[in-house]
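None of these values were measured; they are calculated from a predicted model. Whatever order the structure lists ligands and atoms in, that order sets their numbers, starting from 1.
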Amino acid sequence: MAKLTFLGAAGCVTGSKYLVEAARRRLLLDCGLFQGSKQLRLLNWERLPVDPSTIDWVVLTHAHIDHTGYLPRLVRDGFRGPIFATSATRDLCTILLPDSARLQEEDAENAARKGYSKHSPPLPLYTEAEVAPVLARISEFPRGAWQVISPEFSIRAHDAGHILGASSIELKIAENGKSATVLFSGDVGRYDQPILKDPAVPPAADFVLCETTYGDRDHPTGSPHDALAEIIQQVSRRGGAIIIPAFAVGRTQALLYVLRELEDWQRIPSLPVYVDSPMAISATELYQRHHEDHDLDFTRLEPNGNPLETRRMHLLRTAEESKSINKVSTPCVIISASGMATGGRVLHHLARRLPDSRNAVVLAGFQAEGTRGRALLEGAKTLHIHGEEVLVKAEVIELNQFSAHADRDELLRWLKAMPAPPRQTFLVHGEPAAREAFRSAVQTQLGWQSVTLPKLGDSIDLAPA
Ligand SMILES: [Zn+2]
């Protein structure tokens with residue numbers, strides 16, 4: 001009988017890895033890195049309970065590092081099979097995985113300098129050189145059509161609307177003349193959002209694994225356009241700059257798209273917009289290339305030029321270009337990574353702009369505990385940046401309308417659209433409180449009783465119907 005084992009994202013939001021075994025063949029669905037607290041990050045150093053050389057295939061839902069960032073380790077430790085991904089996911093992996101490797105190498109260097117590591121000298125989890133063999137193994141497959149992997153396994157990808165290329169994966173397992181279907185939600189995106197299509201109606205399945213990142217919360221209902229327009233008007237009127245720490249993939253493009261629309265509708269002045277992140281610039285190019293993921297609004301805007309380009313946009317690639325905007329003292333928008341202000345070029349802009357009360361910092365994504373972004377949200381009066389205490393006088397504004405994750409209502413909407421209730425639902429990819437809350441929502445609002453909260457390492461039998 002086929003078996004499913006939870007090797008990650010079971011009680012937390014990172015490290016997505018689900019092992020499916022049937023007829024002595026092994027398929028790994030997602031291969032994510034654990035991120036966040038030290039306790040979680042240490043899990044990346046533990047051996048997988050299964051020898052990577054015995055895994056036959058990997059299938060990816062999308063390119064985010066918490067779903068792909070363990071791949072270099074898997075390949076280094078012996079995995080030799082193909083990695084199936086949509087075309088856009090493959091392209092995004094070529095940007096995100098080398099960046100992840102650089103961060104691992106930086107961490108190891110920092111550990112060496114400060115003398116905290118159990119390795120001597122401290123080792124990176126993987127290096128940039130170890131990414132190329134991973135990229136060479138990625139095999140593209142289209143959405144919508146069945147891809148037969150082996151006599152036991154077939155997969156079909158459905159639009160998830162989360163980031164470019166993101167899919168939910170339907171897995172059909174055939175064994176001894178019987179079959180069972182498992183649906184992996186991947187990360188579910190939002191409905192009626194700019195750029196990306198809505199999450200597709202999910203297919204029928206015997207078993208469902210559903211993410212629960214925002215399983216206990218609903219996003220604000222106001223439009224992202226209204227919220228952003230108001231900020232731009234107010235801050236530009238008082239002569240300030242708007243600094244937006246933003247994730248390079250997804251959030252940056254959504255911000256540019258909405259800014260451009262607001263300009264076209266003449267709801268905001270056309271300010272200089274500085275995109276200060278080489279990775280965001282590369283990702284934006286991919287967003288323009290992969291039309292298969294775009295909704296109608298995007299294609300409608302295209303004849304008038306690039307919908308991801310504001311009128312006075314500047315793309316800053318080099319460090320010199322980045323520094324040059326220090327001299328800009330008139331109203332402008334600066335979009336720069338990292339999204340939670342944990343590192344990256346945005347720190348220089350924050351150090352320079354935070355002490356001026358005319359300026360505003362806009363936090364447009366999830367801010368994890370312990371990050372500078374969270375400290376700002378919680379009203380910190382100073383911020384520690386590059387060894388100095390920086391006074392926080394600028395206005396701090398939370399803008400959750402730009403989230404790339406379905407909220408509780410949207411997750412319920414996605415599940416409810418299934419043609420029939422699954423035999424069993426597994427809630428994954430959520431903090432404990434979010435999973436608990438979402439389980440009671442599924443039970444009371446959908447009437448589905450068999451809802452399980454798997455723990456790391458749990459295995460279950462996927463009995464055919
Ligand atoms: Zn994601």
- Message: Below 30° counts as parallel, above 60° as perpendicular, anything between as tilted: where do the rings of H405 and H429 land?
- Response: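 It falls in the tilted class, 30° to 60°.
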- Determine the interplanar angle of the H294 and H291 rings, folded into 0 to 90°, and report it as parallel if under 30°, tilted if 30 to 60°, perpendicular if over 60°.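 H294 and H291: tilted rings.
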- Message: Rounded to the nearest 10°, what angle sits at the Zn ion (ligand 1) between ND1 of H64 and NE2 of H62?
- Response: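 Roughly 100°, rounded to 10°.
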- Message: Among the N/O/S atoms of H162, which is closest to the Zn ion (ligand 1)? Give the atom name.
- Response: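 Nearest N/O/S atom of H162: NE2.
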- Taking atom types as modelled, find out whether H349 and D276 have a side-chain donor-acceptor pair closer than 3.5 angstrom.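 On atom types as modelled, these side chains qualify, holding a pair under 3.5 Å.
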- Query: Do any of the N/O/S atoms of D187, backbone or side chain, fall under 2.8 Å from the Zn ion (ligand 1)?
  - Reply: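 Yes.
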- Message: Just checking F426 against F6, ring centres under 6.0 Å apart?
- Response: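 Yes, they do, as the ring centres are separated by less than 6.0 Å.
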